[in-house]
Engineer: 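Next up is a structure, given as structure tokens.
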Amino acid sequence: MAGVKRRVLFAVVVACAAAALLWQGARVFLAPRPPSTLAAVSYIPPATAEPISPIPRSLALDARKVVLGRRLFHDPRLSRDDSVACASCHDLAKGGADGRDRSVGIGGQRTGRNSPTVFNAVFSFVQFWDGRAASLEDQIDGPLNNPAEMGSSWPAVVAKLAQDPQYVAAFRGLYGGIDAAHIKNAIAEFERSLITPRSRFDRHLEGERGALSAAELKGYQLFKSYGCIACHQGVNVGGNMYQRLGVAQAPGGGSEDPGRMKITGQAEDRFVFKVPGLRNVALTAPYFHDGSVQTLEEAVVLMGRYQLGVVIPAADVALIAAFLHTLTGDLEAKAP
Amino acid sequence: MSAARPATVGAALLLAALLAYLGWQAARIDPDAHTRAVANLSKLQELDSTLDETVLKLRDGLLSTYDPIVAALQLARAHHADLLRGEHAIAEGHGTLAGALAQLEHRLAEKESLLERFKSRNALLRNSSHYLPLAADALLRGRSLPPQARDAAHQLLRDALLLRHGATHAEYELIGLRIGQFRRFEAALPHETREKAALVLLHAGNLAQHQREVDRLVHDITTPALGGQAQPLAEAYGAAFERRLRQANVYRFILLLLSACLLTYAASAFLRLRRSAGELKRALDEQAAEIAGRRQAQRALGESEERYRRLFELSPDALLIHRSGTILLVNGMCMKLFGARTPEELVGRPVLDLFDAESRKLAAQRIERTLRGNQPAPAAERRIVRLDGATTEVEVAASPFSLEGSPSVQVVLRDITERKRAEERLKHLAQYDPLTGLPNRSLFRDRLEHGLAQAQRSGRPLALLFVDLDRFKMVNDTLGHATGDKLLQQAATRLKECLRSDDTVARFGGDEFGMILLGLAQPGDAGLVAQKINALLARPFELDGHTAFVSASIGITLYPDDATGAEALSMNADAAMYRAKENGRNGYQFFTPEMNERARQRMELEAALRKALERGELRLHFQPKVDLASGAICGLEALLRWAHPERGLVSPAEFVPVLEETGLILQAGEWVIREACRQIREWQRAGVKVPPVAVNLSARQFQQANLEQLIGEALRQSGVEPALLKLEITESFLMNDPEGAERTLRRLKQTGVKLSVDDFGTGYSSLAYLRRFPLDELKIDRAFIRDVVANPDDAAITLAVISLAHSLNLRVVAEGVETEAQLNLLALHSCDEIQGYHFSKPLPPPALEAMLREGRRLARSQDWASSRPAVLVLDDSEQDLEIVRHALRSEQFEVLTATTVDQAFRLLAARPVGLVVSDQRMPGMDGAQFLAKLRKLYPKALRIAITGSLDPEALAEAVNEAGVHKFLSKRWDSERLRAEVREAYQRAVGGS
């Protein structure tokens, strides 16, 4: 009896040793290669001397994730009371924003700032007016957890979505399962697909004759010569740097939003905001971080006064606004 | 027994743990992670310099978007994340590496925040520098500014606009002071003016503040480079990886040893058991009383056998036992190794069949030795043949073993394919270029030696080719390194297409490739290959949507015709390649002995020059410059001459290039400066009034770090005042590296000497830089002066340079003035000074001293300004000219005639002309074009066009472009002609 027990024990020990060795040997072959992080960089600017470059026709994306992300983007279950979806404040039919000065969250609460357009957000170097999210994925945490916006939490959202067999199947096929990181990735992938190429201005940049009228061209010249171009440049006509609001003259009307200082805690970042991109700007009124300005013309006038210290004559304002209208790209294909 | 059990189990557990630990340690090495880390690091370094370059471009306005910064930072972050991901296995327990990684991370974060600030400040700076002049203009145009405030505003504006990057602390202080001065007036100003003044103050303040901040940011961003951190990090990585590799090998070795020991122990136990069993049986018959005890022993032995079988069967290594070369026993791992499904497929076969042909002989010898010596054989590497015919690398250890009384051998086989592959990969990394996969220089060198030995045996020629891509740098600079890398990869693929399988192509680094062609049928075949390469590389390269064109310069040398050694052949191929480049790129060149001959002559000349410097055979000659306003000598240019003891004066064109190539130019240049100072002093002592003396600085001298000390010392030693020394620097040196040039020029300027730009017009000056350089003088290149009279294009350039210089407050000197006509033209357009054979050739010091004493002046054959202007008539028909001459014969002015445009320009340069009458249709140049050029060069002369037809478009063009004063019909009417010309002439010369 004792002999049998001993033999079994011995066999178990040797088997364990062998298994350990085998497992360790196999580790070398089976170790999964960590996926490259380099796919995170989606847009490499062309080497040109022009301050603005055209939006590429398309980016390399996973179409299945885009489809899944589109569904999530329009799904109100991401909010606590199933009333607010991403698309509520970023309506693709309203230029990727909501046309309000402040947005409306669950229970009719009003948000702190004007909702920026989701179109071409992929080209912004950081997200939010104050740049507190480094990526589209990180940005989603903000509204989702904000009690005044969607007022939810990831465990709650994951639990809700796990009830839906369609989601379960889609996530299993694409990611292996549902979790917060995968949901964020799918939504962000959809947002990366929201680019608006072929604006009349881009067609002009690409050499199409007659894409712009003489007045619009003149407007572009003024945009450059007044110095708007110093900040509003690059593929997104902005969205790649920070700047202080009120360089030349502080904006009136009790704007108490300290901007980026709230994030960095540094006094020099007071009233500093991300320079917004001007793509499709004609569609995204009202303007500025507080949505306080109703028309494009008024925005141009105020920018001239606050940032450049000039009073831009009405004729020039009209020409610059005409140019800004040409930045409206191909949104038709993106609308739901 | 019951006491022994826990001990045995304990020992077995311990052993298992040990084996597991060893196995784990041995497997903890991943060559891929290392390769990726190195690639990430080099990418990070590259991105860092891209960032620096982008920042400099943005600062200088060469780039106007921040997207490249954003993209490069995102990429750098991604590479950094990838680096951290792979780092754990290697970095563990390696303090230096962890520290270096932390430092890199810190620097990256710091750089990112500096870049953010740079972007916003640079934008503000650009707008403030745009708006300040506008705001100032608006302020100064108003009348309500008191004179003192106006002065203060002027000063503020001037100093603020002069600010540029690299300005000193004092200069910024000055702006602060100016702002303060002007602010004092602000309060007293009327309301509207005060607003304008506030705007000026705002922009001036912003300009100064942001200029200073951008300066500091650019400095902080570009120094220190990330590369500084990446280098130690790469080394630490290499060291950590090496250490891991060594450790892993030690663990593997121990593991192997342990397995062998265990097996030997198990086998011997097995045999002992068999022997004991036999004895026991015999003893059973004899000693019944001992049965119980024997049975006990037998059971123990039975267990031992069982244990051995299990060990044998479960061993992680493949084991087999053979006797006299015939396989007796195999375990499961062994079957797996050979791909056998049942032991019967192996048992009974000769053990030597398992090895491949190459290993078989060695294996046979070892089996023999093992059996004879009855000693274990050390591990050796062999290749075995699996049952399916595939081969596998294994490590084999054998030990003699007695099985049932007969000598047998137990063999341990271990699959080492993976280890071999890792070793191969490391070897590949050391011998191959990672970018293109081609052999690198060191492997190429091996192949060349090998190829030469082969060529010697076969007696067939070998060709060595060096290939250099022309214009590759341009692709790299304009499209970026990543695109450049793609181009190199495609070029490598095309080069491979040109070769046969025996030949070798290698990349030496950069855009240089080498090729070895073996077994050529005839030497000329190498030329055919070169043509093929040229043709293939000349085809466009498609790179990420860009199309790039490059070409190749190829140098060819042949073994054994040109040389027999690898070293000499490489030098030949290099020389031939440079010749191919000199001959205008996209071509190939066979090495010729003359290339060496030329190099030899160069060396002789160089040796002679060294001696000349020691023996003092160099001389200075001086050529005077003349002030056109006064006609007096206003400067001298010192020119280097070589008085060769046998050859006499050697042309500078012959020896100056050699000085420059060899670096002797530094020594010679220093001598020139000292000698010029000495000569000035000598003349001054002799009582001669010496004008400023200019010496030429070479590019090398200009880059010399201690140049200003050297000049200061020469001035001090000779006691010459600095303002008497002028330095001439060729325009193209300045524009090669304008940033560096600006710093050097400022340092030189502080010594008090004057600065002049030589050969102006041949380089590509940026006006922005010219304005920032602290210059005193521009010298127009003689190439433009040569044909200035006859060639309107040259004249236009000359005029443009003169007005440019005057707008920058610089004096202009025209070089190479040889004729009176050139002189007159230059004087007319207010050139300040001339230099050239027309006044004097370069003279040795005594002759020049005589000229200075005499106070010689430039003689003008007629006083240009006061001579009466003439009338010039241009017509290609001699007959028409005769009519005009006749019509105007009795007028008071002189009538000049010309039949060609060239002739007309020559006449215009020779004397003042008040009125030009030209046919509108002329061969060579349209009459209207002629008049338009004339208007530019001689704006004061009135222009009359003679037309055959009255085509309205031609007329409009003549009026708009050429500013024609009047038209005359071709139907000559003497009376009308005379009246018109007389009237126009009166108007032109103002009735005098």
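Predicted model only: the values in this text are computed from it and were never measured. Here is how names work: the chains are called A, B, and so on, in the same order as the sequence lines, proteins then strands, and each is numbered from 1.
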Engineer: Between side-chain atoms of residues 217-225 of chain A and protein atoms elsewhere (two or more places apart, or another chain), which donor-acceptor pairs fall under 3.5 Å?
Structural biologist:
unit_1, atom_1, unit_2, atom_2, d
Tyr220(A), OH, Glu50(A), OE1, 2.9
Ser225(A), OG, Gln221(A), O, 3.2
Ser225(A), OG, Leu222(A), O, 3.4

Engineer: To the nearest 0.5 Å, what is the distance between CG on Leu324(A) and CZ on Phe201(A)?
Structural biologist: 10.0 Å

Engineer: So which of Lys57(B), Arg126(B), His130(B) has the largest heavy-atom pair count under 4.5 angstrom toward chain A?
Structural biologist: His130(B)

Engineer: Before you tell me yes or no, could you show the steps for Ile52(A) and His232(A) under side chain to side chain contact (heavy atoms under 4.5 Å, CB included), namely the whole-Å CA-CA distance, both residues' side-chain angles and the distance that decides it to 0.1 Å?
Structural biologist: CA-CA 8 Å; Ile52(A) 300 177; His232(A) 291 286; over 6 Å; no

Engineer: To the nearest 0.5 angstrom, please state how far the NE2 atom of His289(A) sits from the NZ atom of Lys274(A).
Structural biologist: 13.5 Å

Engineer: What residues of residues 126-136 of chain A make heavy-atom contacts with chain B at a cutoff under 4.5 angstrom?
Structural biologist: none

Engineer: When rounded to the nearest 0.5 angstrom, what distance separates CG in Asn120(A) from CD1 in Ile55(A)?
Structural biologist: 4.0 Å

Engineer: Should the pair Lys184(A)-Glu191(A) be classified as a salt bridge under the 4.0 Å nitrogen-to-oxygen rule?
Structural biologist: no

Engineer: Determine, step by step, whether Asp415(B) and Thr417(B) satisfy the side-chain hydrogen bond (donor to acceptor under 3.5 Å, both in side chains) criterion, reporting the C-alpha distance in whole Å, the side-chain angles of both residues, the deciding distance to 0.1 Å, and the verdict.
Structural biologist: CA-CA 6 Å; Asp415(B) 188 341; Thr417(B) 317; 2.4 Å; yes

Engineer: Between Asn122(B) and chain A, with a heavy-atom cut-off of 4.5 Å, which part of the residue counts as in contact: side chain, backbone, both or neither?
Structural biologist: neither

Engineer: Should Val55(B) and Ile69(B) be marked as a side chain to side chain contact (heavy atoms under 4.5 Å, CB included) after you check the CA-CA gap, both sets of side-chain angles, and the distance that decides it?
Structural biologist: CA-CA 8 Å; Val55(B) 164; Ile69(B) 291 191; 4.2 Å; yes

Engineer: With a 4.5 angstrom heavy-atom cut-off, which part of Tyr226(A) approaches chain B: side chain, backbone, both or neither?
Structural biologist: both

Engineer: By number, which residues in residues 197-205 of chain B have some heavy atom less than 4.5 Å away from chain A?
Structural biologist: Leu199(B), Leu202(B), His203(B)

Engineer: Measure distances from Val310(A) to the heavy atoms of chain B and classify the residue's part below 4.5 Å as side chain, backbone, both or neither.
Structural biologist: side chain

Engineer: To the nearest 0.5 Å, how far apart are CG in Leu83(B) and NZ in Lys43(B)?
Structural biologist: 14.5 Å

Engineer: Tell me, out of Leu134(B), Val70(B), Leu125(B), who's got the most heavy-atom pairs with chain A below 4.5 Å.
Structural biologist: Val70(B)

Engineer: Checking heavy atoms, do the side chain of Tyr66(B), its backbone, both or neither come under 4.5 Å from chain A?
Structural biologist: both

Engineer: Show the atom names and distances, to 0.1 Å, of all donor-acceptor pairs under 3.5 Å that link a side chain in residues 301-308 of chain A to residues at least two apart or in another chain.
Structural biologist:
unit_1, atom_1, unit_2, atom_2, d
Gln307(A), OE1, Gly246(A), N, 2.6
Gln307(A), OE1, Val247(A), N, 3.3
Gln307(A), NE2, Arg244(A), O, 2.9

Engineer: Calculate, to the nearest 0.5 Å, the distance between atoms CZ and CD belonging to Arg198(A) and Glu206(A) respectively.
Structural biologist: 8.0 Å

Engineer: Return the OG to CG distance between Ser53(A) and Asp67(B), rounded to the nearest 0.5 Å.
Structural biologist: 5.5 Å

